[in-house]
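Comments concern the structure below.
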Amino acid sequence: MGSTLKIVDECASTNDFAKIMAENGALHGLVVIAETQTAGRGRMGRPWFSPRGGIWMSILTRPPPSFSFLDSLPLAGALAIAKPLSEQWNIDAKVKWPNDVVVGRRKIAGVLAESKVKGNELSFAILGIGINANMETKNYELISDTATSLFSILGGEINREDLIGAVLFEAERNFESLGGSGVVDLESLLENLDGSRGHRVRVRTSEGDIEGVVEGYEGLTTTRINTSNGVVKVEANTLLSVDYQVD
Ligand code: BT5
């Protein structure tokens, strides 16, 4: 990861920037980083606030081995953020299914996996990573009650280069493991860093809505939800949205 590094001051979305570079032949491992994004986005077109001081970056993987690789990318990406925050910076960061990193109840980072399909084949995938690093979230009305930043938690600036390096290192190992190298036991890592188990959720899937309590995972693509009718397995490729109920 980062064999080619493209750093820009401002762009609409690093995912779009990386996609254009991918369509023009950029190689596996390209990383695009922007100081600020003017149209950063989350899933389903939701806005992603991207002021200066944060870490807004996208990683190109090509060719992704399979569709199940793609379905695992959001959790693999979230783990690559939560692990170094927890182990190297001593922050109690947890992965919140399906694609968030939280500290306590507040979101500190999110990931957005997108892909390009040609015929029946995946031609490339892009993993967008947004981390609220050296910035404040309280000025953004939409997220002032739900988000936080590393700056607020640490009471000072984090070295962004160190964190970017650590996240890219973990992302590379996680991606290799999704490809079958086994270098990281992703299921155990998720077990250790999971912050969703025991939480009540309302899940929308392409196969219907489910309400219940997150019980655990099977691999990185299947989530078990304990409902009043027993355990229902949610597959990542059917997932539309997850709402956490405040309990
Ligand atoms: C995500 O979506 O969490 C994925 C975020 C991915 C952002 C990166 S930045 C680099 C790359 N380029 C992009 O354009 N995107 C990626 P989702 O789960 O849909 O969460 C979106 C919701 O999070 C919004 O509706 C807000 O409520 C909230 N939100 C927006 N900005 C936030 C921020 N900076 N911190 C915490 N929450 C935020």
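Predicted model, so just to flag it, every value in this text is computed and none were measured. Both counts, for ligands and for their atoms, begin at 1 and track the order of listing. FYI, the numbering just counts along the sequence from 1. All values below come from the heavy atoms of this structure, side chains included, with hydrogens, waters and symmetry mates left out.
- Ligand-side atoms of ligand 1 in range of G42: 1 (C), 2 (O), 4 (C), 19 (O), range being under 4.0 angstrom from any heavy atom.
- If you check the side chains of N15 and S58, you find a donor sitting under 3.5 Å from an acceptor.
- For a threshold of 3.5 Å applied to N or O pairs, the pair formed by R43 and ligand 1 contains at least one separation below that value.
- Listed by number with element, the atoms of ligand 1 under 4.0 angstrom from any heavy atom of N15 are 11 (C), 12 (N).
- Ranking protein heavy atoms by distance to atom 30 (C) of ligand 1, first place goes to P47 O, 3.2 Å.
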Under 3.5 Å, sequence neighbours excluded: what are the donor-acceptor pairs made by side chains of residues 235-242?
residue : atom : partner : partner atom : Å
E235    : OE1  : T222    : OG1          : 2.9
E235    : OE2  : T222    : OG1          : 3.4
T238    : OG1  : E235    : O            : 2.9

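- Counting atoms of ligand 1 from 1 in the listed order, those under 4.0 Å from a heavy atom of D100 are 3 (O), 18 (O).
- A donor-acceptor pair is defined here as one N or O able to donate and one able to accept, closer than 3.5 Å; such a pair exists between the side chain of S149 and the backbone of M135.
- Summarising the contacts of atom 13 (C) of ligand 1 with S13, S50, C11, the nearest heavy atom is found in S13.
- Cation-pi geometry between K96 and Y244 is satisfied (NZ or CZ under 6.0 Å from the ring centre, within 45° of the ring normal).
- Contacts between R46 and ligand 1 below 4.0 angstrom, taking non-hydrogen atoms only, involve the side chain exclusively.
- Look at D243 and R204 and you find no salt bridge, because none of the NZ, NE, NH1 or NH2 atoms lies under 4.0 Å from a carboxylate O.
- Considering K118, R62, K116 in turn, K116 is the only one that fulfils the salt bridge (charged side-chain N to carboxylate O under 4.0 Å, His left out) rule with E23.
- No donor-acceptor distance shorter than 3.5 angstrom exists from the side chain of D100 to the backbone of V102, with no hydrogens or angles considered.
- Shortest contact from atom 1 (C) of ligand 1 to any protein heavy atom: N99 ND2, 3.5 Å.
- Among protein heavy atoms, atom 15 (N) of ligand 1 sits closest to R41 O, 2.8 Å.
- The protein atom (non-hydrogen) at minimum distance from atom 36 (C) of ligand 1 is A147 CB, 3.4 Å.
- In this structure, K6 places its NZ atom where only 12 or fewer heavy-atom neighbours from other residues, nucleotides or ligands lie under 6.0 Å away.
- Taking a cut-off of under 4.0 Å to the non-hydrogen atoms of T14, the atoms of ligand 1 that pass are 10 (C), 11 (C), 12 (N).
- Closest to atom 28 (C) of ligand 1, if we only count protein heavy atoms, is I143 CG2, 3.5 Å.
- Within a 6.0 Å sphere centred on CZ of R46, other residues, nucleotides and ligands contribute more than 12 heavy atoms.
- Counting atoms of ligand 1 from 1 in the listed order, those under 4.0 Å from a heavy atom of M57 are 10 (C).
- Close approach of ligand 1 to N132 (heavy-atom distance below 4.0 Å) involves ligand atoms 33 (C), 34 (N), 35 (N), 36 (C).
- For I129, the heavy-atom gap to ligand 1 drops under 4.0 angstrom.
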Next item on the list: Apply side chain to side chain donor-acceptor pair (under 3.5 Å) to the pair T137 and N132, showing each step before the final yes or no.
Entry: CA-CA 8 Å; T137 52; N132 297 336; 5.6 Å; no

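- The option with the heavy atom closest to atom 23 (O) of ligand 1, from among Q37, E114, K107, is K107.
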Note to self: Pair S50, W56 - check side chain to side chain donor-acceptor pair (under 3.5 Å), show working.
What the structure shows: CA-CA 7 Å; S50 319; W56 322 122; 4.8 Å; no

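- Listed by number with element, the atoms of ligand 1 under 4.0 Å from a non-hydrogen atom of V111 are 4 (C).
- Summarising the local packing, NZ of K94 is surrounded by more than 12 heavy atoms from other residues, nucleotides or ligands at distances under 6.0 Å.
- From the protein, the heavy atom lying nearest to atom 31 (N) of ligand 1 is F49 N, 3.0 Å.
- Heavy-atom proximity to atom 33 (C) of ligand 1, evaluated over W48, Y140, F17, is greatest for W48.
- Near G40, meaning under 4.0 Å from any of its heavy atoms, are these atoms of ligand 1: 14 (O).
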